[in-house]
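All values below were derived from every heavy atom in this structure, side-chain atoms included, with hydrogens, water molecules and symmetry-related copies excluded.
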Amino acid sequence: MNVSNLSSQIDIRLSNLNDLTLLIANNQSIQNIIGYESLNNSFLKSSGIEAQKILTNYIDSSIVNKYVKKAMIFNDDGLIIESISKEQGYLDDYKNVITSENYKLLQENPQQLYQLISEPVVSSGKLCMPVLKPIYSLSNKYIEGWLYMEMDLEIINDILDSYKSYTSLFVVTKENKIIHSNNYCNIDYHNLIKSDSDTFNGYRIKSYNIDKYGWQIYTVEELINIDMETKNMISIFYMTVGISLLAGLLIFIGASNIITQPIKLLKTRIKKISSKDFSYDAETENLHGEIGEIGHVINEMARDIEKLLEQSIEMTNEKKNFEIAMLQSQVNPHFLYNTLNSIHWMATLQKNTGICRLVDALTNLLKNMSKSFSDKVTLEEELRLLDDYLTIQSIRYMESFEFVNNIDSSLYNKKIVKMTLQPLVENAIFHGIEPKGKFGTITLDSQVKDNCLFITVTDDGIGMTEYDIIKLTTKTKETSKGSINGIGYYNVNLRLKLIYGDDYGLSIKSEFSKYTTITIKIPIEE
């Protein structure tokens, strides 16, 4: 047992106690109040209460707080201030302190570094360690009063008890009074102290002085046959080392086979995946323990990668097919523009304004359609394009439907993919209003929610059944011969998802013979 280490721990604990006494004794409020003979007015009483709070706070925040049984400050005039929340003091405490030999010694030599009374006293039926420290005036020239504390002996017993399983030990004061002991050896400590030898009645004795407090620590160990015991210990030591080395070697070899072989299999599997071999590998999942779980995760990862590659290829092909269809649907724009311009001037000369409006609307439509359908335009531009289309259709259908635009004008500057509204309104006319055979209404509405723009196209036509909705949302080609561009619900939805992501696009709500509402969901863009 390292007695030096033990004494060092005790010294640190008592140094913490000394630090607490220094903080209290050097506090200006305490130094000030202890200079008065009594607290005979309201100001001094308030100062006394403040000093009591400071004394209590210092103790409560100290490392050695739990060992403080009682604490008070006093002066020679009988002024006493006790800490609160600790053990209640007695009137005899003050009398016992000022009549003690230690009090007299400190009065004669108050400059000593450690003012701790080493001789334990009995308080409330238990031994405790008293502490006495002078409190100087604010000028630090003379003693105004004293700090008295009683500490539970557990302040050192807690440290000593942690060693009790190793050896018997005891601590004595400079007056040879025992303040702690673990007497497993059942020996007479008082006679042992008087002996100057390192051995006593078959025991080895070691001691260490704590000079600051005049204490001494003794450890007691039973003497044994050193030669025989040493031989036995050496034999046991070598045997233990040999067995440990052999066991370690066997464990190493076993661990190598158990761990490295499965890791090699996983490494081979990962190389196959990097070579685009995503086939299922049952062997990696049959590995033992957590490595088998890793193999299962790798197989799942391979399946996910294969699925993502297939989806990527499919989306790329869809996009290419869509772009090819757009190119195939285009007509030489210069020929059309020149032809329409000639028709416009002929109608102007004949003063036929209806034909002029129709030609202007068709020209604007063709100009917009000659550009990429993935371009984004403002909502205002998209509505102008829709107006041109509706101008043509209202003449064609002899104004058999009404178009109502309820979109908030404050949203006109928001971006939308070009040719999004026109195909949906076209579907409303061809598949909703026209089959009804009666006058109908197509309505545009808008709403902003969660940083998304929602636009609805509603018609009061024949509506759709659930089967019709499924058929419309899954077919890839439009069958209407009257379509201006061959772009229908499916293609508009696909374009929006390709551009904005899967969280956006179209949705349908309909009731047969009553209405159909198509909702566009896109992010808000300026």
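- Looking only at side-chain heavy atoms (C-beta outward), K66 and D152 stay at 4.5 Å or farther from each other.
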**Report entry** Worked check of salt bridge (charged side-chain N to carboxylate O under 4.0 Å, His left out) between K414 and E526
**Finding:** CA-CA 5 Å; K414 309 304 179 187; E526 296 290 343; 2.4 Å; yes
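- The shortest side-chain heavy-atom distance between I455 and L379 falls under the 4.5 Å cut-off.
- A distance-only check finds a donor-acceptor pair linking the side chain of R495 to the backbone of K418 [under 3.5 Å].
- Y515 places a side-chain heavy atom less than 4.5 Å from the side chain of K509.
- Nearest heavy atom pair, residue A428 against residue I442, reads CB-CD1, 4.0 Å.
- Rounding to the nearest 0.5 angstrom, the gap separating the CG atom in L44 from the CD atom in E50 is 13.5 Å.
- Within the 4.5 Å cutoff, no side-chain heavy atoms of I24 are placed close to those of T21.
- With hydrogens and angles ignored, the 3.5 Å screen pairs a side-chain donor or acceptor of D460 with a backbone N or O of T441.
- The nearest pair of heavy atoms linking I59 to A71 is CD1-CB, 3.4 Å.
- Rounded to the nearest 0.5 angstrom, L421 CG and L444 CG are separated by 6.0 Å.
- Contact check for L496 versus Y504: no side-chain heavy atoms found under the 4.5 Å cut-off.
- Separating the OH atom in Y489 from the CG atom in L424 is a distance of 8.5 Å, to the nearest 0.5 Å.
- At most 12 heavy atoms of other shown residues, nucleotides or ligands fall within 6.0 angstrom of atom CD in E466.
- Between N16 and I12, some side-chain heavy-atom pair lies under the 4.5 Å cut-off.
- Taking the centre and axis of the six-membered ring of F454, the NZ or CZ atom of K521 falls outside the cone set by 45° and 6.0 Å.
- In this structure the side chain of M149 reaches within 4.5 angstrom of the side chain of V68, judged on heavy atoms.
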Query raised in the report: Yes or no on side chain to side chain contact (heavy atoms under 4.5 Å, CB included) for F401 and D459, after CA distance, side-chain angles and deciding distance?
Result: CA-CA 10 Å; F401 64 87; D459 68 79; over 6 Å; no
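- Residues L23 and Y58 share a closest heavy-atom pair of O-CE1, 3.7 Å.
- Of all heavy-atom pairs between I407 and S446, the closest is CA-OG, 3.6 Å.
- G463 approaches T516 most closely through the heavy-atom pair CA-OG1, 3.3 Å.
- Smallest separation of non-hydrogen atoms from F403 and L386: CZ-CD2, 3.7 Å.
- With respect to T378, the side chain to side chain contact (heavy atoms under 4.5 Å, CB included) criterion is satisfied by exactly one of E380, K376, E382: E380.
- A donor-acceptor pair under 3.5 Å is formed between the side chain of Q52 and the backbone N or O of E82.
- Under a 3.5 Å cut-off, the side chain of S62 and the backbone N or O of V64 do form a donor-acceptor pair.
- Heavy-atom contacts from other residues, nucleotides or ligands closer than 6.0 Å to CD1 of I63 number 12 or fewer.
- Side-chain contact between S510 and I469 is present, with heavy atoms from C-beta onward closer than 4.5 Å.
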Query - Stepwise side chain to side chain contact (heavy atoms under 4.5 Å, CB included) test for I416 and E381 - result: CA-CA 9 Å; I416 188 171; E381 292 175 303; over 6 Å; no
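- The distance from the CD atom of E402 to the CD1 atom of I433 is 10.5 Å, given to the nearest 0.5 Å.
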Query raised in the report: When you look at T465 and D468, which way does the side-chain hydrogen bond (donor to acceptor under 3.5 Å, both in side chains) test go after all the steps?
Result: CA-CA 5 Å; T465 63; D468 292 332; 3.0 Å; yes
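- Here the NZ-CD1 distance, from K497 to I499, works out to 12.5 Å after rounding to the nearest 0.5 Å.
- Taking CG of D304 as the reference point, atom CG of L309 lies at 11.0 Å (rounded to 0.5 Å).
- A side chain to side chain contact (heavy atoms under 4.5 Å, CB included) with I520 is found for one member of V492, N493, T420 and no other, namely T420.
- Checked by atom type and distance alone, the side chain of D408 never pairs as donor or acceptor with a backbone atom of L411 at under 3.5 Å.
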